[in-house]
Number of protein chains: 2
Amino acid sequence: MKIDFAKAGGLVPAIIQDHRSGEVLMLGFMNEASLAQTRETGEVVFFSRSRNKLWKKGESSGHVLRVREVRVDCDGDALLVRVEAVGPGVCHEGYRSCFFRTLGSDGALAVNADRVFEPQKVYKSEKP
Amino acid sequence: MKIDFAKAGGLVPAIIQDHRSGEVLMLGFMNEASLAQTRETGEVVFFSRSRNKLWKKGESSGHVLRVREVRVDCDGDALLVRVEAVGPGVCHEGYRSCFFRTLGSDGALAVNADRVFEPQKVYKSEKP
């Protein structure tokens, strides 16, 4: 069975998980070319939906994601990429994980983590 | 900031993670109505892309996902739902996680987990 890129217009969601802690760090999308580059280079390359092109995670920040394992789900339409994340955090807002906010019962979002770096010192133009 | 359902045709990916072990169990999609039902009932309701309707996880198997926390990513276009998974596993193929296969360097998929239940005894019609 192959990965089903056709189901969602050529893209599959790729969950990025810290291979040691199990923390979910971010979610990106991959097309066939970005998955191929990810596997060839051993570092995560997404397809950016907003920029409509391949996007090497860490290209400006240096916060690359080193691939330890790629898992595929039962339907072949989602990926779980277990990584070693280089640097203090993956989020362009300065947090270790992009999922740094929790949705409360009142619908408000509350920050659930500490900021671990200053984004303006790390990022020039990188942003999905 | 609200959740950005518009970015991908009314849907956002929702990662389902065991709130204790950190294991990623599956990925589904939610629209606004399924997220609302999920929050109201405390059990995960997806939007099935293949069936084009709301899909209560566990509706036939009893393997419901009890919500412990909903996290939102920096761009508001992905959800991380931390759950208590009722039953031995969430996958309709009989595994604890839907991500039970690992993509090898040769492109082949290898099963990385043991089957924990017999699907034909549990499922009648439930399948995304």
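These values consider heavy atoms only, across backbone and side chains, with no hydrogens, waters or symmetry-generated copies. Since this is a predicted model, take the numbers as computed values, not measurements. Naming convention: chains lettered A, B, ... in sequence-line order (proteins, then strands); numbering from 1 in each chain.
- The closest side-chain heavy-atom distance from A:Val24 to B:Val24 is below 4.5 Å.
- Heavy-atom pairs under 4.5 Å with chain B were tallied for A:Asp77, A:Leu103, A:Leu27; the largest tally goes to A:Leu103.
- Transitive grouping of hydrophobic side chains (ILVMFWY, heavy atoms separated by less than 4.5 Å) keeps A:Leu54 and A:Leu35 in distinct clusters.
- The backbone N or O of A:Phe100 sits nowhere less than 3.5 Å from a side-chain atom of B:Arg71 that would complete a donor-acceptor pair.
- Residues B:Ile16 and B:Val45 do not share a hydrophobic cluster, defined by chaining ILVMFWY side chains whose heavy atoms lie under 4.5 Å apart.
- Between B:Gln17 and A:Gly22 the shortest heavy-atom distance is NE2-O, 3.1 Å.
- No more than 12 heavy-atom neighbours from other residues, nucleotides or ligands sit within 6.0 angstrom of CD on A:Glu32.
- Scanning all heavy atoms of the two residues, the minimum distance from A:Arg101 to B:Asp73 falls at NH2-O, 2.6 Å.
- Here the straight-line distance linking atom OG1 of B:Thr102 with atom CZ of A:Arg68 works out to 14.0 Å at 0.5 Å rounding.
- A salt bridge (charged side-chain N to carboxylate O under 4.0 Å, His left out) check over residues 33-46 of chain B, counting only residues at least two apart or in different chains, returns the pairs B:Glu43-B:Lys56.
- With a 4.5 angstrom heavy-atom cutoff, A:Ser105 touches chain B only via backbone atoms.
- B:Val67 and B:Val72 fall within a single hydrophobic cluster, where Ile, Leu, Val, Met, Phe, Trp and Tyr are joined by side-chain heavy atoms under 4.5 Å apart, directly or via other members.
- With a 4.5 Å cut-off on non-hydrogen atoms, B:Ser97 does not touch chain A at all.
- Closest approach of B:Leu80 to A:Phe99, counting heavy atoms only: CB-CD2, 3.6 Å.
- If you chain together hydrophobic residues whose side chains sit under 4.5 Å apart, A:Val83 and A:Leu79 fall into the same group.
- Residues of residues 6-15 of chain B lying within less than 4.5 angstrom of chain A, judged on heavy atoms, are B:Lys7, B:Ala8, B:Pro13, B:Ile15 in numerical order.
- In the hydrophobic clustering of ILVMFWY residues, with side-chain heavy atoms under 4.5 Å counting as a link, B:Met26 and B:Val86 come out apart.
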